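Everything on this sheet refers to the single structure shown next.
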Amino acid sequence: MVALIGNLPAALALSCFIGIAAGMAIADVTIDACIATNSIEVRSLAPDMQSLCGFCSSAGALIGYSTSGFFVHHLGAQGALILMAIPPVFITVLGFVIYEMRSPRLHPEKQKKMETLGVAVKGMYQTIKFPQVWKPSLYMYLSLALSISTHEGQFYWYTDPKAGPGFSQESVGAIYAIGAMASMVGVLIYHKTLKDIPFRNLLFFAQLLYGASGMLDLIFILRWNLVLGIPDYFFVITEECISRIISRIRWIPMIVLSTRLCPLGIEGTFFALLMCIDSLGSLTSKWAGGMVLHVFHVTRTDFTNLWLVILIRNILRIATLGLIFLVPKADPSDALIPQDILITHSTVTSDDEGLELVPKNEKEVQSFF
């Protein structure tokens with residue numbers, strides 16, 4: 001609708017984009033639930049599964065970034081949207097082709113569904129009250145929210161020929177594509193050397209490097225790279241690769257930590273709740289970034305105070321280190337929530353015979369992998 005009709009009313013266009021986001025969220029939560037279940041049943045494989053998911057995500061971003069800039073440059077924004085709507089259409093058709101048998105354990109009655117919902121809600125409420133759960137959840141939210149997003153201001157500065165380097169849309173897409181490849185490198189670094197390091201130690205140094213790497217943006221905005229004799233394109237690619245590697249190393253342990261906070265029986269539902277908290281943190285980051293850009297009068301054509309916004313963002317990233325005490329010192333293979341919660345939520349009563357809350361034994365899961 002956005003691509004074919006064009007010039008849609010703001011409310012209708014917003015509804016279209018909300019629908020797109022909702023469709024992606026449903027698919028994402030379904031996959032996250034499967035990963036969380038397997039991560040709890042076989043703890044030793046949790047970092048490996050998250051590394052695999054991170055690698056696949058970066059591969060998808062590589063394809064998207066490497067083609068989107070080219071399409072926008074040669075086909076225009078609407079033409080690119082039309083072309084990029086084709087793959088989701090094929091996925092929708094595939095949904096009608098895949099046949100999935102209904103489990104005989106599932107009961108379609110409304111009462112049974114309400115009982116299932118009640119068990120999940122009660123389990124989430126009992127779990128979130130424990131300090132071992134809400135403290136790291138709070139850290140994950142604040143670490144995302146305090147890193148205010150300046151992407152919009154930087155994008156317009158990148159493509160401005162007077163104030164900035166004047167990159168084309170195709171060049172910006174190529175830069176982001178190279179950053180996606182760097183994300184794969186970050187996944188491999190985590191998988192090969194960092195996956196057994198305690199959460200607090202790893203997240204502390206990752207956050208420290210995350211704040212320090214943001215200073216490269218400041219150097220680029222102030223054009224100090226030209227003073228040092230470093231060309232714009234080379235510097236921005238270097239900065240993008242470093243920031244993407246550090247961001248991926250910082251993100252994966254938080255996802256692995258989230259799987260450690262999920263009790264058996266409601267692991268999928270609770271993991272979805274934690275992902276909602278993370279999404280809220282990202283949304284807060286974008287809102288806060290937009291407000292700061294507005295307060296300092298950074299627009300599509302006026303970038304006078306953009307360097308100050310970048311500096312504030314970097315200070316907030318480093319200030320997040322003061323909250324690292326909220327993260328447990330445990331190793332990725334340790335259980336972080338009390339064992340009685342696991343037993344309570346993984347026990348099935350006769351009234352809940354339609355709920356398969358008891359996990360498979362570890363030998364079966366290992367043979368599956």
Side-chain angles (χ1 to χ4, degrees), residues 1-33 53-54 56-96 140-141 144-145 147-159 168-170 172-177 179-180 183 244 247 251 255 271-295 298-301 309 313:
M1 290 179 63
V2 175
L4 294 176
I5 301 176
N7 297 322
L8 291 175
L12 182 57
L14 180 61
S15 300
C16 292
F17 287 122
I18 290 176
I20 294 171
M24 294 177 62
I26 292 171
D28 187 48
V29 168
T30 304
I31 296 299
D32 286 342
C53 291
C56 293
S57 175
S58 299
L62 172 61
I63 297 173
Y65 285 132
S66 60
T67 56
S68 59
F70 175 83
F71 292 145
V72 171
H73 181 74
H74 293 281
L75 302 178
Q78 284 186 268
L81 282 175
I82 293 174
L83 188 62
M84 293 178 183
I86 295 176
V89 170
F90 282 120
I91 294 176
T92 304
V93 173
L94 183 63
F96 291 97
M140 288 186 282
Y141 168 77
L144 293 172
S147 180
I148 60 175
S149 175
T150 58
H151 174 76
E152 287 75 11
Q154 289 179 265
F155 175 81
Y156 289 116
W157 182 82
Y158 283 163
T159 56
S168 65
Q169 295 97 327
E170 192 173 0
V172 174
I175 292 170
Y176 290 156
S183 295
R244 288 297 190 93
S247 296
W251 172 247
I255 299 298
F271 190 78
L273 173 64
L274 296 179
M275 291 302 98
C276 286
I277 294 174
D278 286 355
S279 297
L280 181 61
S282 299
L283 184 61
T284 305
S285 169
K286 293 180 180 179
W287 280 345
M291 292 176 61
V292 174
L293 289 170
H294 179 73
V295 168
V298 177
T299 65
R300 296 187 179 189
T301 56
V309 176
R313 182 202 67 182

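What you are looking at is a predicted structure, and each value in this text was computed from that prediction instead of being measured. Every heavy atom of this structure was used, including side-chain atoms; hydrogens, water molecules and symmetry mates were not.
- No donor-acceptor distance shorter than 3.5 angstrom exists from the side chain of S147 to the backbone of L144, with no hydrogens or angles considered.
- Scanning all heavy atoms of the two residues, the minimum distance from V172 to F155 falls at CG1-CE1, 3.8 Å.
- Atoms CG and CG, from L14 and L8 in turn, are 11.5 Å apart once rounded to the nearest 0.5 Å.
- Side-chain contact check for I82 versus F71: every heavy-atom pair is 4.5 Å or farther apart.
- Within a 6.0 Å radius of NE2 in H151, other residues, nucleotides and ligands contribute more than 12 heavy atoms.
- How far OH of Y156 is from OG1 of T299: 10.5 Å, rounded to the nearest 0.5 Å.
- With values rounded to the nearest 0.5 angstrom, D278 atom CG is found 10.0 Å from L273 atom CG.
- Contact between S58 and S183 at its shortest, heavy atoms only, is OG-CB, 3.1 Å.
- Between the CD1 atom in I277 and the CE atom in M275 there is a gap of 8.5 Å [rounded to 0.5 Å].
- Remark: S282 OG to Y141 OH distance equals 10.0 Å, nearest 0.5 Å.
- Remark: side-chain polar atoms of S149 are not paired, donor with acceptor, to backbone N or O of S285 under 3.5 angstrom.
- Atoms CH2 and CZ, from W251 and R244 in turn, are 14.0 Å apart once rounded to the nearest 0.5 Å.
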Legend entry - CA sep, side-chain torsions, deciding dist, call: V298, W157, side chain to side chain contact (heavy atoms under 4.5 Å, CB included): CA-CA 10 Å; V298 177; W157 182 82; over 6 Å; no

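- Scanning both residues, Y65 and A177, for their nearest heavy atoms gives CB-N, 3.5 Å.
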